[in-house]
Every structure is written in C-alpha cells, then in structure tokens.
Protein chains: 2
Amino acid sequence: MAGLDKVAAFRALSERGKALLNQGVTTHRFKGGNVIIDKGQDVSGAYFVLEGRLRVFTYTPAGREATLYLIEPGETCILALNSLFNRLLYPAWVQTEKATTVAVVPGPVYRGLFESEPSVQGLTVEALSTLVFRLMAELEQVHSHRLDQRLASFLLVHAQEGGTLQRTQQEIAGHIGTTREMVARLLGRMAKQGWIETSRGAVRIVKRTALAAIIKS
Amino acid sequence: MAGLDKVAAFRALSERGKALLNQGVTTHRFKGGNVIIDKGQDVSGAYFVLEGRLRVFTYTPAGREATLYLIEPGETCILALNSLFNRLLYPAWVQTEKATTVAVVPGPVYRGLFESEPSVQGLTVEALSTLVFRLMAELEQVHSHRLDQRLASFLLVHAQEGGTLQRTQQEIAGHIGTTREMVARLLGRMAKQGWIETSRGAVRIVKRTALAAIIKS
DNA sequence: TGAGATATGTAGCTTAGGATACAGAGGGCA
DNA sequence: TGCCCTCTGTATCCTAAGCTACATATCTCA
C-alpha cells in the first residue's frame, strides 16, 4: 500500500478496494526546496504526504510569495483532488519544505475508490472541508491583523516543542507574504524586548505569552 | 421538493432519495440585510439558495467586515455542509444581501442522501472544491493586490449586465474589507478620470477597459 | 583555509491605507 | 413640505509597510 496504511481511511478499505489502490499507487521522494507542482499544471492524481511537508503557495505580481497552507504527513494535497474531480488546472504552486515522500493515487483509481468506498468518501469530504476552514481562517488573518500580529501568530503556530522555529527570515517572509526586511525589522523589535532570540536560520521563542499578547492587542 | 428541483443533483435522485429529501426539507424566506447565521452557531442543516443571495463574511477585531464569498441561487451554503460532517461550529457570519429564499435539508437527511446517492456525493465534492478555489483566489487577491485593484476587480465582477453596481459605498467597503472613506476616495479618483460615475447607492462603469488596466498594472 | 554564497541587520525614503472629523446632498416618511 | 436619516465627498494627519541600498556575519565547499 506504499505507506498509505498510515491513513485511516485506506486501512478501512474493502479487500477489493485495497486491490484497486495497490494496482495504481506510486511513491515519489523529493528533495527539500523543490517546486513539484506549478500553477496551471494539469495534475494527474491524488497526492498523500507520507513524510516531510508540502507547502502550497502563490506569487504576487510583485514576485512575492505567500503560503496558502501546509500539508503534513497523513494529509493529502487537496488541490490535486479538486483537479481530479473538476478538471480544473492547479491554482497554486506546491513546494517541498523539506525532503518529502508522497504517495500518488492516479485519478481514475481515486475516482473508483470514491464511488465504492465510504471511507474514501468521508476522507475526501473531510479533507476538503478542513481546507475550507483553514483557508477561511487564513483569509480572516490577512484581512484583520497587522503584520506583527501575523508574524507572532506564525512563530507560535510553527515553532517546535522546544520553542525554536528552524526557518530563515526569507522563508518566513515567503509564508506570510511580506519582505525579508520587514520580518527582520519586526523580529528585531521582538528580540530587543527579550521575547525572542534570532540566529542564522532560526528563531527561538523566549516568552510565548508576550507573543500571544501581541496577537490580542 | 421545495424548489430543490432547480438543482441538477437533486433531480438525479432515485425515487427513494426523493422520498427521503421530501420528508425533511423545509423552506425559509428572509428579508434582505439580515444575519441568518452567526459565527459559532451550531448549524443544523444544508442550506440551498433558491432565490436572492447570501453573503458569508467575517469581522475584524477593529469591527470591519470582509466578505469571504457570496452564494447565488442554485448554490449551497458550504459551511453548513461542513458543520454537518465535521461537527465544527460555524466560522463566519451569513447575511442575506437581498430578500432570500433558502431550502434547508436537515443534517441526518443530507448525510443519508450522501451515503446512498452518487449525485449528492458529486454535488458535495463539487461544492466544496469550488469553494476552495474561490477562497484561494480571494486569498491571492488580498495578498497581492493594492486596494484600488481589488476595488476595480469587485466592480467588474459584480456589476450587472448594463454596467451598474447597485450597492452603497459602505456595502462595498464591507465586501472588500476597508473603510467607506477609502472606497469614496478611490471611486472619486476613478470618477475624475471618467472611468465610472457615482450616485447614491450605485456605481456605473463607463470604461471597463480602464478598470481592467488598473488590475493589471 | 579562504573565497564566495547566503543570511541578517539597518537606514532612509516613499506611498498606501486608516482614523478622525465635518459638510453637504439625497431620499424617505410623517 | 420639511425634518431627519442615510449616503457621499473631502480634508488632515499619522503609521504601517514596502522599496532600495548597503554593511556585516555566518556557513559551505573546493
């Protein structure tokens, strides 16, 4: 099952469904930092992340990037699903944030599974609706928050257990849709206040409550 | 069928499916300008717009509004669908833009239809994926365009056939998430150039190509 | 080990956008 | 018909955010 047994919906397949899946699924491994789907590309299957992380993002006319959402292991690249069902061209770029392994289920196979397997129907609706909520939350964020609030939110949400976020300032800027200089400026202010510490390629949160307070102000 | 025969997916139901639908569907008519779903509300069914228009929007902490998307006749209020499947509380407000008639399919009925009727499965996935694309387009707009570009886009997209948009400047501001004064300022500039004409409660597009050029600049 | 590439930090300047305030026009209703 | 409410238009001021430029530090690799 090419690693898809990690996904509960696929474990719940009938024997016939498992046979159908196994017949067409392939696995691909990509290095980090690579764009694996370009906007406008005619996508040919459902992508499930087995390990690593995918980043779905868009470019502004000014050339700046903004992350729309991230895809963690066990999750699927929903836009590929959409392209399956609606024959729409891909509306964003997809990049590997780090070395990433993806299982790809070909469109006809996925469609066949969807028609006959309740667990795949549930998986599809759940994945789509979760994405709708995420996008709405992101849209609300962009509309209603100042840049320093969005940066603080990004740090809190994406830092590891120990409080460190391993990303360059350029990468952070690419996520929240601003310039590297603005990220440096805002991080500088936070560092000056003792709330964080910066180093090359990383930000360490020292006072989470202070960052949370920025968001609420 | 309470008007739902306008929706192709419901016309395609089996006799058993039609019986199930008719057993639970209700119709509601609302005046224009009313909030019919509040954020956080525990929504109890799938809402289909028969006539009128619904507006799904969010508030900023500053009290400003921003429209997430509109729902036209024949379309469904997807967030209600999401709340059905995932028991999530509603993440936005829903308001009638004008007098609106809505058919409401209770959650258990919709779930039953989804499980047994391929056309409802298709309708659900199509509605969700269409919304995902809309939200991504909106997110891309907000990230990458100046306010005058978003206003021009809004005018072009929402004007009637004859080129007139029947909305107050306050309403327009509420859609694109800015202040009435900014909308007045930007419309004033466009009017000065002869591209549009403003009057109370309406904007008439005089030169569509000029507005399109703003978006591309 | 050092060159070169990448990342960080900072400065100066400009413009977009928002806040606040207020005046006047238009329309509805008693 | 006139009052009052709603809507439009404009002015002034301020700050956030972006652009451009450049210096310095850190890391990789030959």
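Proteins get letters first, then strands, A, B, ... in listed order; numbering begins at 1 in each.
Side chain B:Arg150 to base C:dG17: no donor-acceptor pair is found below 3.5 Å.
For the residue pair B:His175/B:Glu97, the side-chain donor-acceptor check at 3.5 Å is satisfied. Of the N and O atoms on the side chains of B:Gln169 and B:Arg180, not one donor lies less than 3.5 Å from an acceptor on the other residue. Between the side chains of B:Thr58 and B:Glu65, no donor-acceptor pair is found at a separation under 3.5 Å. With 3.5 Å as the limit, one finds no donor-acceptor pair spanning the side chains of B:Arg204 and B:Thr164.
A close approach under 4.0 Å does occur between a side-chain nitrogen or oxygen of A:Thr178 and OP1 or OP2 of D:dG18. The side chain of A:Gln169 contributes an N or O atom lying less than 4.0 Å from OP1 or OP2 of C:dG9.
The interatomic distance linking B:Met182 (CE) with C:dT15 (P) rounds to 15 Å, in whole Å. Atom CD of B:Glu181 and atom P of D:dC13 are 17 Å apart (whole Å). The interatomic distance linking B:Arg204 (CZ) with D:dT8 (C1') rounds to 18 Å, in whole Å. Atom pair B:Leu186:CG and D:dT10:P shows a separation of 12 Å (rounding to whole Å applied). Rounded to an integer number of Å, the gap from A:Arg146 CZ to C:dG17 C1' is 14 Å. When the P atom of C:dA16 is taken as reference, atom NE2 of B:His145 falls 16 Å away, rounded to whole Å.
Nearest nucleotide to the A:Arg185 side chain, out of D:dG18, C:dT10, C:dG17: D:dG18. Nearest nucleotide to the side chain of A:Ala184, out of C:dG18, C:dT10, D:dG18: C:dT10. Residue A:Thr198 places its side chain closer to C:dG9 than to any other of C:dG9, C:dA16, D:dT8.
With salt bridges taken as basic N to acidic carboxylate O contacts below 4.0 Å, none links B:Arg134 and B:Glu72. Between B:Lys98 and B:Glu51 there is no salt bridge, since no side-chain N of the basic residue sits under 4.0 Å from a carboxylate O of the acidic one.
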Check nucleotides 23-28 of chain D for protein N or O atoms closer than 3.5 Å to its own N or O atoms and list the pairs.
residue : atom : partner  : partner atom : Å
D:dT26  : O2   : A:Arg200 : NH1          : 3.0

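Screening A:Ile172, A:Leu186, A:Val183 against A:Thr178 for a side chain to side chain contact (heavy atoms under 4.5 Å, CB included) leaves a single residue, A:Val183.
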